[in-house]
*Asks:* 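What follows is a structure written as structure tokens; I'll ask about it next.
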Amino acid sequence: MYGTWPPAGIKVVKEVESDSTGPAAVQIGDEETSKLKAAIQSAGGTVKDELKVHQVAEIPGLTDKDKVYSVYVPDPKVLEQYKWSGAFLAEGGSLDKLTLIAKSKSKKDVFEVRGSMDLDGDKVNELWMRIVFAEGSGDRIYKLSSGKVEAIGKWSCGAVR
């Protein structure tokens with residue numbers, strides 16, 4: 001649930017489909033898995049066996065077919081923790097162009113994209129992300145520009161990750 005002021009501002013928010021974290025949405029093939037594993041390794045993580053997908057979402061309001069993949073690597077030694085967790089932007093849906101949006105510092109949370117909106121009127125939508133952890137969640141906006149991702153502000157609601 002969210003709100004805007006003035007109330008007419010709600011029209012600029014384009015939400016992600018609600019089933020993007022459901023079982024059907026997070027099924028990926030071998031090629032996607034290998035490219036995501038390579039991206040995790042490029043981002044400083046390690047993946048030996050198991051890669052889990054938390055969300056695969058097409059981003060409304062961005063260029064056609066842009067997707068976010070939220071992935072994590074389970075830690076078999078600590079059930080409440082991950083070896084690595086983060087989210088990647090696949091521009092145009094291509095896993096050959098994966099850009100790291102965010103990764104977990106605590107290894108106890110996962111990411112979800114909630115939607116997009118043009119906050120600054122430049123006709124380029126910003127990305128609305130959520131970080132989810134055992135104690136709750138927090139939200140943050142990211143600006144996307146020429147293959148780069150820049151966080152706008154800090155995580156909301158006490159999320160300091």
Side-chain angles (χ1 to χ4, degrees), residues 1-2 10 12-47 50-74 82-120 122-133 136-157 159-161:
M1 183 115 166
Y2 60 90
I10 201 80
V12 302
V13 177
K14 294 169 178 55
E15 290 186 89
V16 166
E17 294 290 326
S18 61
D19 65 348
S20 63
T21 58
V26 300
Q27 297 298 314
I28 62 171
D30 292 340
E31 184 178 349
E32 289 172 300
T33 300
S34 66
K35 289 184 178 187
L36 285 164
K37 284 182 175 183
I40 289 170
Q41 289 173 336
S42 292
T46 57
V47 186
E50 195 172 17
L51 170 71
K52 296 285 190 177
V53 180
H54 178 71
Q55 182 184 40
V56 177
E58 285 193 25
I59 311 303
L62 296 182
T63 58
D64 289 340
K65 300 183 183 179
D66 282 349
K67 288 185 178 180
V68 169
Y69 287 82
S70 172
V71 295
Y72 62 94
V73 179
Y82 310 110
K83 286 184 176 181
W84 192 92
S85 173
F88 294 97
L89 174 67
E91 294 181 52
S94 172
L95 276 84
D96 293 324
K97 300 178 189 175
L98 288 171
T99 302
L100 180 66
I101 299 168
K103 68 179 180 178
S104 174
K105 292 179 184 174
S106 72
K107 299 182 181 180
K108 295 182 180 183
D109 32 47
V110 293
F111 298 88
E112 294 176 357
V113 61
R114 299 290 310 273
S116 68
M117 74 273 322
D118 183 5
L119 293 175
D120 55 9
D122 66 355
K123 308 245 189 282
V124 176
N125 278 13
E126 285 75 35
L127 196 59
W128 173 20
M129 296 291 296
R130 170 174 281 175
I131 189 171
V132 181
F133 45 96
S137 64
D139 294 281
R140 189 180 213 178
I141 304 295
Y142 287 87
K143 184 170 185 68
L144 308 172
S145 175
S146 304
K148 295 182 180 180
V149 179
E150 177 187 349
I152 299 174
K154 298 190 183 279
W155 288 102
S156 68
C157 296
V160 292
R161 291 156 170 75

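Just so it is clear, the model here is predicted, and its values are computed rather than measured. Throughout, numbering of the chain's residues begins at 1 and tracks the sequence.
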*Asks:* Which residue, Phe111, Tyr72, Phe133, forms the ring pair (Phe, Tyr, Trp, His ring centres under 6.0 Å) with Tyr82?
*Replies:*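 Testing Tyr82 for a ring pair (Phe, Tyr, Trp, His ring centres under 6.0 Å) against Phe111, Tyr72, Phe133 leaves exactly one candidate, Tyr72.
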*Asks:* So, taking the atom named CD1 in Ile40 and the one named CG in Leu51, what distance separates them when rounded to the nearest 0.5 Å?
*Replies:*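 If we round to the nearest 0.5 Å, Ile40:CD1 and Leu51:CG are 4.5 Å apart.
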*Asks:* Would you check, one step at a time, whether the test salt bridge (Lys or Arg N to Asp or Glu O under 4.0 Å) holds for Asp96 with Lys35?
*Replies:* CA-CA 7 Å; Asp96 293 324; Lys35 289 184 178 187; 2.6 Å; yes
*Asks:* Taking all non-hydrogen atoms of both residues, which atom of Ser20 and which atom of Ala57 are closest, and how far apart?
*Replies:* CB-CB, 3.8 Å
*Asks:* Enter the distance from Ser104:OG to Ile131:CD1 here, rounded to the nearest 0.5 Å.
*Replies:*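 Output value for this atom pair is 5.5 Å.
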*Asks:* Are Glu91 and Leu144 side-chain neighbours, meaning at least one heavy-atom pair lies under 4.5 Å?
*Replies:* no
*Asks:* Could you state the interatomic distance from OG1 (Thr99) to NZ (Lys148), rounded to the nearest 0.5 Å?
*Replies:* 11.0 Å
*Asks:* How about Thr46 and Val73: do any of their side-chain heavy atoms sit closer than 4.5 Å?
*Replies:* no
*Asks:* Does atom CD (Gln41) have a neighbourhood of more than 12 heavy atoms from anything else shown, all under 6.0 Å?
*Replies:*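 Yes, because the 6.0 Å sphere around CD of Gln41 holds more than 12 heavy atoms from other groups.
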*Asks:* Can you tell me if Gln55 uses its side chain to pair, donor with acceptor, with the backbone of Val68 under 3.5 Å?
*Replies:* no
*Asks:* Under a 4.5 Å cut-off applied to non-hydrogen side-chain atoms, are Phe88 and Val71 in contact?
*Replies:*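 When only atoms from C-beta onward are counted, Val71 and Phe88 do touch, with a gap below 4.5 Å.
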*Asks:* Can you see which heavy atom on Ala90 is nearest to which on Tyr69, and at what distance?
*Replies:* CB-CE1, 3.9 Å
*Asks:* Just so I know, are the side chains of Glu126 and Asp118 near enough to count as touching, which here means a heavy-atom distance under 4.5 Å?
*Replies:*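 Yes; the side chains approach each other to less than 4.5 Å.
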*Asks:* If you take all heavy atoms of Trp155 and Arg130, which pair is closest and at what distance?
*Replies:*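 Answer, listing the atom of Trp155 first, then Arg130: CZ3-C, 4.0 Å.
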*Asks:* Are Val26 and His54 close enough, and set up right, to give a side chain to side chain contact (heavy atoms under 4.5 Å, CB included), and what steps lead you there?
*Replies:* CA-CA 6 Å; Val26 300; His54 178 71; 5.9 Å; no
*Asks:* Please name the pair of heavy atoms, one in Tyr142 and one in Ile101, separated by the smallest distance, quoted to 0.1 Å.
*Replies:*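 In this case the closest contact between Tyr142 and Ile101 is CE2-O, 3.7 Å.
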*Asks:* With a 4.5 Å limit on heavy-atom distance, are the side chains of Asp120 and Lys143 in contact?
*Replies:*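 Yes; the side chains approach each other to less than 4.5 Å.
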*Asks:* Roughly how far, to the nearest 0.5 Å, is the CG atom of Leu127 from the CG atom of Asp66?
*Replies:*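 The CG atom of Leu127 is 9.5 Å from CG of Asp66, to the nearest 0.5 Å.
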*Asks:* Which residue in the set Glu112, Met129, Arg114 passes side chain to side chain contact (heavy atoms under 4.5 Å, CB included) when paired with Asp139?
*Replies:*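 Result: among Glu112, Met129, Arg114, Arg114 is the only option passing the side chain to side chain contact (heavy atoms under 4.5 Å, CB included) with Asp139.
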*Asks:* Between the side chain of Glu32 and the main-chain N/O of Gly29, is any donor-acceptor distance below 3.5 Å?
*Replies:* yes
*Asks:* If you measure from CG on Asp30 to NZ on Lys37, what distance do you get to the nearest 0.5 Å?
*Replies:* 9.0 Å
*Asks:* Quick one: does Asp109's side chain get under 4.5 Å of Val132's, heavy atoms only?
*Replies:* no
*Asks:* What distance do Lys14 atom NZ and Ile59 atom CD1 have between them, rounded to the nearest 0.5 Å?
*Replies:* 13.0 Å
*Asks:* List the atom of Val56, the atom of Val53, and the distance in Å for their closest heavy-atom pair.
*Replies:* CG2-CG1, 3.6 Å
*Asks:* Would you say Leu100 and Val149 make side-chain contact, with heavy atoms under 4.5 Å?
*Replies:* no
*Asks:* Compare all side-chain heavy atoms of Ile141 with those of Met117 and state whether any distance is below 4.5 angstrom.
*Replies:*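 They are in contact (side-chain heavy atoms under 4.5 Å apart), so the answer is yes.
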*Asks:* Just by modelled atom types, is the Ala43 backbone N or O under 3.5 Å from a matching donor or acceptor in the Lys103 side chain?
*Replies:* yes
